[in-house]
Amino acid sequence: MSVMALSQIRIPLLMGNSLNAWSEALTGFSIWGFPLGLVILAAIPLVFIALYALTYGVYGERKISAFMQDRLGPMEVGKWGILQTLADILKLLQKEDIVPAAADKFLFVVGPGILFVGSFLAFAVLPFSSAFIGANLNVGLFYAIGIVSIEVVGILAAGWGSNNKWSLYGAVRSVAQIVSYEIPAGIALLCGAMMAGTLDMQQITMLQSGHLGFAHFNLFQSPIAWLPFLIYFIASLAEVNRAPFDIPEAESELVAGYFTEYSGMKFAVIFLAEYGSMFMVSAVLSIVFLGGWNSPLPDLGPVSLNAMTSGPVWGVFWIISKGFFFIFVQMWLRWTLPRLRVDQLMYLCWKVLTPFAFIGFVLTAIWEIYVP
Amino acid sequence: MFELPSGAEIQSVIAGIKASVGYFIPEIYLSVLFMVLIIVDLIVKGKKNTLLPVITITGLAGSFFFIYQQHAMTAGEMFFGMYVLDEFALFFKYFFVLSGILAALISMDDEYLNRESSGMGEYYSLVVAMVIGMIMMAAATDLLMIFLSMELVGLTAYVLTGYLKRDPRSSEAALKYLIYGAVSTGLMIYGFSLIYGITGETNIFRISEELRLHSSDPLVMMIATLFILAGFGYKIGAVPFHFWTPDVYEGSPTPITAYLSIASKAAGFAVLMRFFLTALPHGGAAYDNIISNNWVLLLIILSISSMIYGNVVALWQQNVKRMLAYSSIAHAGYLLLGVIMMDELGTQATLFYLLSYLLMNIGAFYVVILISNKTGSENLDDYRGLGKKMPLAGAALTVFLISLVGLPPTVGFIGKLMIFTAMLAKGSIYIWLALIGVLTSVISLYYYMLIPLNMYLRESLEPHKESLNVGLLSRIIMAIFMILTLYFGLFFTPLSDFAKYSSALFGNTVY
Amino acid sequence: MDQTLSSFGNVFAFLALGIVFVAGGYLTARMLRPSRPNPAKNSTYECGEEAVGSAWVKFNIRFYVVALIFIIFDVEVVFLYPWATVFKSLGVFALVEVLVFAGILILGLVYAWVKGDLDWVRPEPKVPQMPVMPDRKAEGGRA
Amino acid sequence: MLSLIVFLPILAGLVILAVPSSQKQIIRIVSLLAAVLQMVLAVMIWRGYDPSLPGITASAAGIPQGSFQFIERLPWITLDLGGFGPLNIEYFLGVDGISITMVILTALISAIGVLSSWTIQKQVKGYFILYNLLATAMMGCFVALDFFLFYVFWELMLLPMYFLIGIWGGPNREYAAIKFFLYTLFGSVFMLLVMIGLYFSVLDPVTHNHTFSLVAMASQSNYIKDAILGPDNVMWRYIAFIVLFIGFAIKVPMFPFHTWLPDAHVEAPTPISVILAGVLLKLGTYGMMRINFPLFPEVFQASMYVIGVFGAINIIYGAFCALAQQDLKKMVAYSSISHMGYVLLGLAAANSEGMVGALYQMFNHGTITAMLFLLVGVIYDRAHTRQIDKFGGLASYMPVYAALVTVAWFASLGLPGLSGFISEALVFVGAFSSVTTRPIAIVSVLGIVFGAAYLLWSLQRMFLGKRKPDAAYDLEAGPDGHEHIHFHDWKGKLDLDARELTMLVPLTVIIIFLGIYPMPVLGMLTTSINKLVEVLSPVVMTALN
Amino acid sequence: MEILTTIGINHYLTISAFLLGFGLFAVMTRKNALVVLMGVELILNAANINFLAFSKFNGGMQGVMFSLFVIVIAAAEAAIALAIIINIFKIFKSVDVSSIDTMKE
C-alpha cells in the first residue's frame with residue numbers, strides 16, 4: 001500500500017496542474033496509518049521558514065543593511081561571509097541557555113514556543129502555489145488574521161515570564177501595538193475580501209489570475225484598493241514589530257524588549273518566529289492585493305508571457321518573490337525611517353490609519369456595488 | 001453544509017427584512033435618539049446637566065407617538081421569528097419608555113450623580129440604550145434575540161451601576177452586578193443550548209411545537225429549564241438568584257437603583273412570561289412529577305422563597321435603599337404569583353402589578369433621593385424627625401410605602417388584589433400560595449413602617465436644623481406621584497383595562 | 001471524510017509539527033549546550049545594575065484602555081467578514097445595512113477620540129536650561 | 001346623605017390642609033363643626049329611619065338592595081376579567097338596624113373625641129387631618145354594603161390610627177403603634193382572600209355577574225354551588241369563616257388576640273383611646289354581625305359554642321387582668337376586653353335577646369367606655385400619672401369629677417338604672433335561654449363579680465380615704481381655710497372645667513337615660529336583629545338547602 | 001484520522017459539561033475577580049460547544065449563529081468587566097472579590 005501511495009504521489013508532484021493537486025495528494029498519503037503526507041505537508045513551510053530566515057533573513061538582512069549604510073557587513077566566515085549563518089546556527093545551538101532566577105520558568109519556556117507556533121500556523125493557509133496549500137480553509141484569510149493573534153500571548157508570556165523590566169515594558173508595548181494595528185489591518189484586509197467576495201485564499205488568488213497579468217490584481221482593479229493596500233502594509237510593519245514601529249524591542253531603549261533575557265535555542269525560536277511573521281504578512285499582502293502566486297507578466301499580443309510564467313512551480317516562484325520583495329521593503333524602511341515614539345505610534349494607528357481604513361471600507365463597498 | 005442561498009431566496013429574505021422594518025420604527029427611533037445623545041454630548045461643551053436630560057425626556061416622550069401608531073398594526077412575527085409585535089410587547093414599550101423618562105427625571109434631581117466629574121453624557125444615552133434593550137427583551141421571540149437584548153440591558157446596567165466612579169460602593173456594586181450577571185447569563189446560555197439541542201430550534205414558537213410533537217428527556221428539560229431560570233431569575237431578582245440585589249441596589253446611584261428595581265425587573269418578567277407561556281408546554285397540575293418539564297413548580301418555589309426571604313431579611317436593614325432592595329426581592333415573588341397562574345387573568349394581574357410597582361417604587365426612590373440630597377444619608381436613623389422638616393416628602397413617602405405594603409386606597413393594594421383574584425379564580429388549589437402571599441405582606445408592613453416610624457414618631461438627632469425644603473419642581477413631581485398612587489388606588493379601571501388589553505400574547509400555548 | 005474537518009486536520013498537523021519542532025529544538029540544544037549556571041549569570045539583566053524589585057508591577061492604565069477599545073472594534077470587524085463574502089449578491093440593501101453598522105462603529109471611534117481615550121501621554125520635551133548659579137562663589141569658597 | 005356623613009370629616013380635613021398650621025384654633029373649630037354637623041346628620045338619619053324594615057339580606061322580592069335604607073348605589077369600578085366576566089365594584093352604602101346604631105354611636109363619639117382633642121398641642125394640623133381621616137374611615141365601614149368598599153374603609157383606618165398613637169402617644173408609643181398595626185393588618189389580610197373567594201362564589205341575582213355586594217352575599221341562594229366558597233365546598237367555607245372570624249376577633253379584641261389593646265390604650269392620647277374603645281372595637285363585632293355570621297350561617301351554627309366560650313374567657317380573663325392593674329387606664333382597657341366578651345356571648349346565643357343585648361351592649365360600651373377614658377384623661381391631665389395608688393381621697397376635693405366617675409364606674413359594672421345593666425341583662429337572658437350557651441353563661445356571671453370588684457376597689461382607693469403619702473398632688477390650705485389639693489403642673493381648674501363637662505355630661509345623660517328608657521335604641525334595632533337571627537337559624541338554612 | 005470522524009455528539013457534550021463544571025468551580029471557589037470572569041468565559045464556551053455540536057448534528061445554522069453572537073457578547077462583556085475591575089483596583093487596590101465588601105450584610 002505504501003509503495004502504491006508513493007507511486008501515486010510522484011505523478012501529481014511533477015505533472016499535476018489542478019488546484020491543490022500536490023497538497024491533496026500529500027494529505028491522502030499515509031504509511032501504516034500514520035499520516036506521513038500531512039507531516040510532510042506541514043514540514044515544507046517549516047523548512048521554508050528555516051531556510052529563508054537563515055539565508056535571506058540573517059545573511060540577507062545584514063548584507064542589505066550594510067549596502068544601505070555603505071559598509072560591508074559580515075565578511076569573516078567564508079567568502080563574503082557566506083557561511084556566517086552556519087556559524088550563527090552553531091553558536092545558538094551550543095550557547096548556554098540561561099533562565100533567570102527570578103523568572104517564571106514555565107512562561108519563560110513556553111513563550112517562544114507559542115510565538116513560533118502562532119506564526120507557523122498562519123503558514124497553513126498560505127497558498128504557495130496553485131497546487132499547494134497547507135490547509136485549504138474556506139475561511140483562510142480570516143483564519144490567518146486570527147491565528148496571528150496567538151503571537152500576542154507568546155509575547156506576553158515571554159515578557160512577563162522574564163520578570164525583567166525591559167522585557168515587560170517591551171511585551172506590553174508590543175501587545176498594545178499589535179492589537180491596535182490589528183484594527184486597521186483587519187479592516188484593510190476586509191476590503192480585499194470584499195473585492196474577492198470570498199475568504200478562501202486560493203479563491204482570492206485565482207480571482208486575480210488572467211492574461212493581463214498584474215492588471216487583474218486587486219490593487220489595479222479599483223483605485224480605492226491602494227488605500228487598504230497601504231494601510232495594511234503600514235499596519236503589518238507594526239504587527240511584526242519592524243521599524244519604524246520597533247519600539248517594543250528598541251535596542252537602545254529597552255535592550256531588545258521582550259526577549260532581553262533569552263539566549264541560545266529559545267532566542268533562535270523567537271528569531272524564527274519573527275522572520276516567519278515577516279514573510280507571512282508579506283505573503284498575505286501579496287495574495288490579497290497582488291495576486292499571490294499569479295504571474296504579474298501580461299500577455300503581450302502573441303507573446304503570451306503570462307501563460308509561459310504560470311503554473312504550479314512558477315507560482316511558488318512568484319509568491320516567494322513577492323514576499324521577499326516586501327521583506328526587502330521592510331528592511332529598506334528600517335534604515336530609512338526613524339523610530340516612532342509611543343504616542344506617535346498610537347496616534348498613527350487610531351487617528352490616522354483606523355479612520356482611513358473605515359473610509360476605505362466604505363468606499364470599497366460603494367465601489368463594489370456600483371462599479372461592477 | 002455552508003451553502004449560500006439562491007438569488008430568489010435572498011430576494012425574499014431582503015423583502016422580509018424590509019417589511020419587518022416598518023414594524024420596528026420605535027426601536028429605530030430610540031436608537032437614533034441614543035446616538036443623538038452621544039453626539040450632543042460630544043459636540044456641546046460646558047454644562048450639560050439640563051440639556052441632556054431634557055433631550056432624553058422629550059426624545060423618549062416622542063417615541064410614544066410611534067408606539068401609539070403600532071396599535072393599528074396586526075400582531076405578528078417580524079425578522080423571521082426573531083421579534084414579535086403584539087399587545088404584550090406594546091405594553092412593555094410604553095412601560096419602559098415611561099420608566100426611562102422617570103429615571104431621567106429623577107436623575108436630574110440627584111446631586112450625587114450630577115457631581116460626577118466625567119459628565120452625564122453617557123449616562124443618559126445609556127439609559128436610552130437600556131430602554132431599547134428592554135423593549136427588545138419584551139418582544140424577542142428567538143433565544144438569540146432574547147440573549148442579545150438581555151445582554152444589551154445587562155451591559156448598560158453594569159456601567160450605569162458603576163457610574164459613580166470614585167464611590168467605592170458604586171464600583172463594588174458594579175463588580176458584583178457584573179459577576180452575578182455574567183454567571184447567570186452564562187448558565188442561561190447553557191440552558192438555551194440544551195433547548196436547542198433538544199428541539200433543533202431557537203425560535204420559541206417552533207420550540208413549543210417541537211416539544212409538543214416529540215417527547216423529550218424530562219431530566220434534560222428540567223436542567224435546561226433550571227439553567228434558563230437562572231438567567232431570568234437573576235434579572236427579576238428572585239431567590240435564589242438574588243445575591244446581587246442588596247449590594248447593587250445600595251451601591252448604585254439611587255436613580256439607577258430605582259430604574260433597575262422597576263424596569264430591569266419588568267423586562268425580566270416580560271421575557272420570562274413570554275418564554276414560559278409560549279415556548280414551554282405545561283402538562284397538568286403542578287404536582288405531577290418533579291423530574292418532568294414542570295416549570296410551574298420551579299416558579300412556585302422561586303416565588304415562595306422570594307416572598308419569604310425578601311420580606312424577612314428586610315426586617316433588619318438599616319439602610320433604606322438596602323431595605324427597598326430586599327423588598328424588591330419580595331415583590332418579585334408576588335409578581336411571580338401572577339405568572340404561575342398561566343392564564344390571561346394572571347398575566348393581566350402581573351402587568352397591572354408592574355404598573356403599580358412602577359408608580360410607587362419610582363416615587364419611593366425619588367423621595368429617598370431628595371432626602372439624601374438634603375441629609376446626605378440613606379440611613380434609617382437619619383430619617384428621624386424628617387416628617388416635620390420635610391412634610392410633603394414625608395407624606396409622599398408614607399403613601400408610597402403604604403402602597404408597597406398593599407393597603408388601600410393605594411394602587412399597590414389593587415395590584416395585590418388583582419394577583420390574589422387571579423389566584424382564587426383558579427379555585428382552591430393555590431390558596432395556600434395566596435396565604436403565604438398575604439402573610440408575608442403583613443411582615444412587610446413592619447419594615448416599611450419603620451421609615452414613617454423614624455420620620456414621624458422619633459425626634460431628630462439634631463433638633464435644631466431648620467426645615468429642609470426641596471425645590472418647587474421636585475415637590476410638584478413628588479405630589480404628582482403621590483396623587484397618582486392614590487388616584488389609581490381608587491379608580492384603577494383604565495390601568496386594569498390596559499393590562500387586560502396587553503395580556504394578549506402572540507402565539508402563546510398556555511392559555 | 002468531511003471536507004471542512006479534513007482541512008482543519010491539516011491545520012492540526014501544522015500545530016503538531018510546530019510543537020514538535022520547538023520541543024525538538026529545545027531538546028537538541030539541551031544536549032549540545034553547556035549548563036554552568038551561577039548566581040550572577042542567573043540574575044535579571046538590567047544593563048549591569050543590580051535589579052531592584054520584581055518587574056511584576058502595575059502598568060500604565062492606557063494599555064488596558066487600548067485593550068478595551070481593541071476588543072470592541074476587533075469583535076465588530078469580525079461581523080463584517082461574513083458579510084464581505086456575500087454582500088455583492090445582496091446588493092444595495094446590504095450596503096445600507098452595513099453602512100449603518102459601520103456608522104455606529106465609527107461613532108464609537110469618534111466617541112473614544114473626543115473623550116481623549118486615544119491620546120497617549122506625550123512626553124514633555126525637556127528644554128535644557130542653563131543653570132543659574134548665583135552662589136557659585138559661596139560654593140566654590142566652601143569647596 | 002350617607003355619603004355626606006361619611007365624607008364630611010375628610011372634607012373638613014381638606015379644609016384644614018389649607019389652613020396654615022399656626023392657626024390652631026381655626027383647625028379645631030373646623031373639626032368640631034364637621035363633627036357637630038355629622039352628628040346632626042346622624043340624628044336626621046335616625047329620624048328618617050324606618051325601624052320596621054329589617055335589612056340584613058335582600059328581601060324576598062328580589063330587590064337587590066333589600067330593605068336597606070338611605071341606599072346610595074353607584075357603579076364604581078368595572079374591570080374586565082376575561083373569562084370571569086366583569087369585576088363589578090360598587091359604591092354601595094345603606095343602613096339597617098345594626099348599622100344605624102353604630103352610625104349614631106360613631107357620630108357621637110367622634111364629636112366628643114374632637115372636644116377631647118382640644119388639649120392636643122403638638123402638631124395640631126396633622127393631628128386633625130388624621131383624626132378626620134379616621135372618622136371618615138370608621139363611618140364608612142359602618143355604612144358600606146359592598147365588601148370591597150368595606151375593606152377599603154377598614155384598611156384606611158389603620159394608618160391614621162397608627163400615626164395618632166405613634167406621634168401623639170405616650171412614652172412607649174412606637175411599640176404600641178406598630179403592634180396595633182401589625183395585629184389588625186394580620187387579621188385583615190385574610191379578609192382580603194376571603195373577599196376574593198366570596199366574589200367568585202356569589203352571583204348577583206339580578207345581573208348574574210359576580211359581585212362584592214354584601215347584601216347579595218348574605219343570601220345563601222346566590223352562591224354558586226361548586227365555587228370555592230360555595231355550599232358544596234364545606235372545608236373552605238369553614239376555613240374562610242375561621243380566618244374572617246380571627247380578623248374581626250383581633251379587632252374586638254378576643255382573648256388570644258387581645259394583647260395589642262392594653263398597649264394601644266395606655267400609649268394613646270385620651271381622645272384616641274376614646275375613639276378606639278368607643279368605636280373601633282365595635283367594628284370587630286359589627287363585622288361579625290354584618291359579614292362573618294350571615295355569610296356563613298351554617299358554620300356559625302357549628303361554632304356557636306366556641307364563640308361563646310371565647311366570650312366567657314374574655315369576660316373573666318379581662319376582669320381578672322383589670323383586677324391586677326395598677327394603671328388606671330390599663331384597668332379600663334382590660335375592662336373593655338371584659339365587656340366585649342359580653343357582646344361575644346350575646347352573639348353566641350344566637351337568639352333575639354342575646355343578639356339585641358349584644359348590639360345594645362356595643363352601643364352602651366361605646367358610650368360608657370368613652371366616658372371612662374375621658375375621666376381617666378381628666379385625672380391624667382392634672383396629675384401626669386394614672387397609678388391608682390398615687391391617689392386617695394379625691395372625692396372631697398373634686399366632687400363633680402368624683403360624681404361622674406361614680407356614674408361611669410357603676411354603669412360599667414352594670415348597675416340597674418344605668419344603660420350597661422340593660423344590655424348585660426339582655427345578653428344573659430339570651431345566653432341562658434339558648435341551650436348551647438347556658439353553661440357558659442353560668443360561668444360568665446363570675447365576670448360581673450370580678451367587674452364589681454375591680455371597679456369598686458379602684459373607686460375606693462382613689463376617691464375615698466385620705467391623701468396617700470406618695471400621692472401625685474400636695475395638700476395646701478386655700479384662702480377660705482379649706483384644704484385644697486394642688487397638682488404640680490396644673491394651672492387650670494381643679495375640678496372639671498366647662499369643656500370637660502361638655503363632653504362628659506351628655507354621655508352621662510345618655511347613660512342614665514338609656515338605662516331607664518332604652519327603647520329609642522332598642523326599637524331601632526330589633527327588627528334587623530330578628531331578621532339576622534332568622535337568617536342564622538338552622539331552620540331557615542335547611543329550608544334553603 | 002478515522003477517530004475524528006467517529007466522534008459522536010456525546011463527546012462534544014461531555015467536553016462541554018466538563019467546561020461548564022470547571023467554569024462553575026472557578027466562579028464559586030475563586031476570589032480573584034479576573035479568575036471568576038475566566039470561569040464565566042468557560043461557561044460561555046461550554047455553551048458554544050453545545051451549540052456548534054448540536055448545529056452539526058441537528059443541521060441548521062442557528063447554533064452557529066448563536067455561538068458567533070455569544071463570542072461577540074462575551075468580548076463586550078469582558079471589555080466592560082475589565083473597565084470595572086480596573087476601576088475597582090484603583091479604589092480598593094485589590095481585585096479580590098471577598099475583600100471588596102464595604103456594604104454590610
Side-chain angles (χ1 to χ4, degrees), chain B residues 1-2 142-145 147-148 150-152 154-156 158-159 161-162 165-203 227 246-251 313 317-319 321-322, chain E residues 9 13 16-17 19-20 23-24 27-28 33 36-37 39-67 69-70 72-74 76-81 83-85 87-92 95 97 100-105:
Chain B
M1 187 173 170
F2 303 114
D142 193 284
L143 299 185
L144 179 57
M145 202 64 213
F147 166 63
L148 287 179
M150 277 179 82
E151 281 297 319
L152 177 54
L155 296 182
T156 44
Y158 305 149
V159 180
T161 304
K165 273 180 279 188
R166 296 210 183 77
D167 182 2
R169 293 195 308 165
S170 180
S171 300
E172 182 186 334
L175 181 69
K176 290 192 169 160
Y177 197 27
L178 175 99
I179 286 177
Y180 287 117
V183 174
S184 50
T185 332
L187 291 178
M188 183 184 77
I189 295 300
Y190 199 84
F192 281 172
S193 75
L194 291 180
I195 292 267
Y196 173 65
I198 293 166
T199 61
E201 296 287 348
T202 55
N203 181 293
F227 278 145
D247 284 343
V248 171
Y249 281 17
E250 187 184 338
V313 180
Q317 298 306 321
Q318 280 300 306
N319 185 298
K321 271 164 85 179
R322 207 173 174 83
Chain E
I9 188 146
L13 295 188
S16 113
L19 274 181
L20 176 75
L24 276 178
V27 164
M28 286 173 180
V36 171
L37 284 169
V40 172
E41 297 292 322
L42 283 185
I43 296 175
L44 289 176
N45 282 325
N48 275 348
I49 289 175
N50 265 358
F51 272 119
L52 292 172
F54 287 133
S55 191
K56 181 175 166 63
F57 287 91
N58 287 357
M61 288 293 289
Q62 293 106 318
V64 179
M65 292 300 297
F66 213 117
S67 60
F69 277 98
V70 170
V72 171
I73 294 291
E77 202 168 62
I80 288 182
I84 290 172
I85 289 174
N87 199 35
I88 282 279
F89 188 80
K90 273 205 294 198
I91 294 175
F92 292 92
V95 287
V97 180
I100 302 165
D101 198 9
T102 57
M103 289 175 272
K104 59 181 179 289
E105 204 33 64

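As the structure is a computational prediction, the values presented were derived from the model and not from experiment. Numbers restart at 1 for each chain; the letters A, B, ... are given by sequence-line order, proteins then strands.
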Fit a plane to each ring of E:F54 and B:Y196, take the angle between them on a 0 to 90° scale, and name the class: parallel (under 30°), tilted (30 to 60°) or perpendicular (over 60°).
perpendicular
For [X], is it the side chain, the backbone, both or neither that has a heavy atom under 4.5 Å from a heavy atom of chain B?
| X | value |
| --- | --- |
| E:S16 | both |
| E:F51 | both |
| E:A17 | both |
| E:V70 | both |
| E:L24 | side chain |

Minimum heavy-atom distance between E:A81 and B:L178, given as atom pair plus value
CB-CD2, 3.3 Å
Answer with side chain, backbone, both or neither: which region of B:E172 has an atom nearer than 4.5 Å to a non-hydrogen atom of chain E?
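Its backbone and side chain both get close to chain E.
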Quick one: what part of B:L187 sits under 4.5 Å from any heavy atom of chain E, side chain, backbone, both or neither?
both
Interatomic spacing from CG in B:D142 to CD in E:Q62 - rounded to 0.5 Å
7.5 Å
Under the 3.5 angstrom rule, does the side chain of E:N58 hit a backbone N or O of B:G197 as a donor-acceptor pair?
yes
Is there a side chain to side chain contact (heavy atoms under 4.5 Å, CB included) between B:I189 and E:N48? Walk through the geometry before answering.
CA-CA 9 Å; B:I189 295 300; E:N48 275 348; 5.6 Å; no
